[in-house]
Amino acid sequence: MKQILLVGVFVSIFIGCTKYNSIDTGLAQKKFTGNMYEYFHSNSYDWDSLLILIDYTGLKDYFTGEKEGYEMITFFGPTNNSLRRWMYGFKSYDNMGNAVYTYHSIKEAVDGIGLEKCKNILLSHIVKGKFEVKDIPRGTGSDNESGVVFTGGSDNTFRVYSFRETYNGVAETGAMRLYIMGGINFSTAIDVASTDIEPENGIVHSLAYGYIFGQLTGQTR
């Protein structure tokens, strides 16, 4: 009987930690031994398009900790889905109404859109310093004074706030989430899927799959 009770307690603790304190997105590996660039290499399913973009735009040193002034960074990271949404957003339609895509690879997109523009969009997701969820003030999407306004690596600004979700109908008992208000006049709401992924040179907050690369600055085209 004691053994059954102990098992029940451990199961309850496990469920409580899973439901209340984190969101399982498949990206929530927290501590990583290695730099941010190496972390992306460890998960090609979500980051291989980003790695191509980093290498092709010559920005690798920002993610290895070797760039002066960017030794420790927070990266609001667009995954493969976000980059594909951006790339395949450049299209036209033939006489039959079928989509004709302008670009078929990340390198093609960079060449067509312009190297400097693509660099700036990627840099806009980088913030100097290390900011975990616990460092982000509470807020809401409608309160423009809440949260914190960050300056990205391309001198862009965006607002980030933390919010504890409702769980089982009870407010303030769910997972702590991050949300971003970006774009022109902070008018674009952006979801953060996984938070506090921690390689040795900073923090990665992974953006939701629905995010389109460039929405942070309003430059998806």
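Worth saying up front: this structure is predicted, and the values here are computed from it rather than measured. The chain is numbered in sequence order, starting from 1.
Proximity of a side-chain donor or acceptor of His205 to a complementary backbone N or O of Ser194 within less than 3.5 Å is not detected. Although no hydrogens or angles enter the test, the distance criterion places no donor-acceptor pair under 3.5 Å between the side chain of Asp48 and the main chain of Asn80. A donor-acceptor contact shorter than 3.5 Å is absent between the side chain of Ser82 and the backbone of Phe213. Side-chain N or O atoms of Ser162 include none that pairs as donor or acceptor with a backbone N or O of Val133 at under 3.5 Å. A donor-acceptor pair is defined here as one N or O able to donate and one able to accept, closer than 3.5 Å; no such pair exists between the side chain of Glu38 and the backbone of Met36.
The minimum heavy-atom distance between Pro199 and Gly34, with the atom names listed, is CB-O, 3.4 Å. Taking every heavy atom of both residues into account, Ala109 and Met87 meet most closely at CB-CG, 4.2 Å. Taking each heavy atom of Tyr70 and Ile73 in turn, the nearest pair found is O-CG2, 3.4 Å. The minimum heavy-atom distance between Ser206 and Ile197, with the atom names listed, is CB-CD1, 4.4 Å. Between Thr140 and Arg159, the shortest heavy-atom contact is O-NH1, 3.0 Å.
Each of Asn120, Thr188, Asn156 was scored for a side-chain contact (heavy atoms from CB on, under 4.5 Å) with Thr217, with one residue passing: Asn156.
Taking CG of Asp191 as the start and OH of Tyr211 as the end, the distance is 12.0 Å to the nearest 0.5 Å. Here CD of Glu132 is found 9.5 Å from NZ of Lys30. Values are rounded to the nearest 0.5 Å. Atom-to-atom distance recorded for Ser42:OG and Tyr37:OH is 12.5 Å, nearest 0.5 angstrom. A distance of 12.0 Å separates CH2 of Trp86 from CD1 of Ile212, quoted to the nearest 0.5 Å. Between the CG atom in Leu122 and the CG atom in Leu53 there is a gap of 5.0 Å [rounded to 0.5 Å]. To the nearest 0.5 angstrom, Arg85 atom CZ is 9.0 Å from Thr79 atom OG1.
The 12-atom threshold is not exceeded at NZ of Lys107, counting heavy atoms of other residues, nucleotides or ligands nearer than 6.0 Å.
In this structure, the side chains of Phe40 and Phe75 come closer than 4.5 Å at one or more pairs of heavy atoms. When side chains are defined from C-beta on, Val160 does not count as touching Phe131, because their heavy atoms never get closer than 4.5 Å. Side-chain contact between Val204 and Trp47 is present, with heavy atoms from C-beta onward closer than 4.5 Å. Between Leu207 and Ile180 the shortest side-chain heavy-atom distance falls below 4.5 Å.
Judged by distance alone, the side chains of Ser187 and Asn185 never bring a donor and an acceptor atom under 3.5 Å apart. With hydrogens and angles left out, the side-chain atoms of Arg177 and Thr195 include no donor and acceptor closer than 3.5 Å.
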- Decide side chain to side chain donor-acceptor pair (under 3.5 Å) for Asn201 and Tyr62; before the verdict, give the C-alpha distance in whole Å, the side-chain angles of both, and the deciding distance to 0.1 Å. CA-CA 10 Å; Asn201 62 317; Tyr62 283 84; over 6 Å; no
- Query: How far apart are the C-alpha atoms of Leu51 and Phe63, what are their side-chain angles, what is the distance that settles it, and do they pass the side chain to side chain contact (heavy atoms under 4.5 Å, CB included) test?
  - Reply: CA-CA 10 Å; Leu51 282 166; Phe63 298 92; over 6 Å; no
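Judged by the 6.0 Å distance and 45° axis criteria, Arg221 is positioned over the aromatic ring of Phe90.
Taking the charged nitrogens against the carboxylate oxygens, Lys31 and Glu198 do have a contact shorter than 4.0 Å, which makes a salt bridge.
Using cut-offs of 30° and 60° on the angle between ring planes, the pair Tyr179 and Phe163 is perpendicular.
When ring centroids are compared, His125 and Phe76 stay outside the 6.0 Å threshold.
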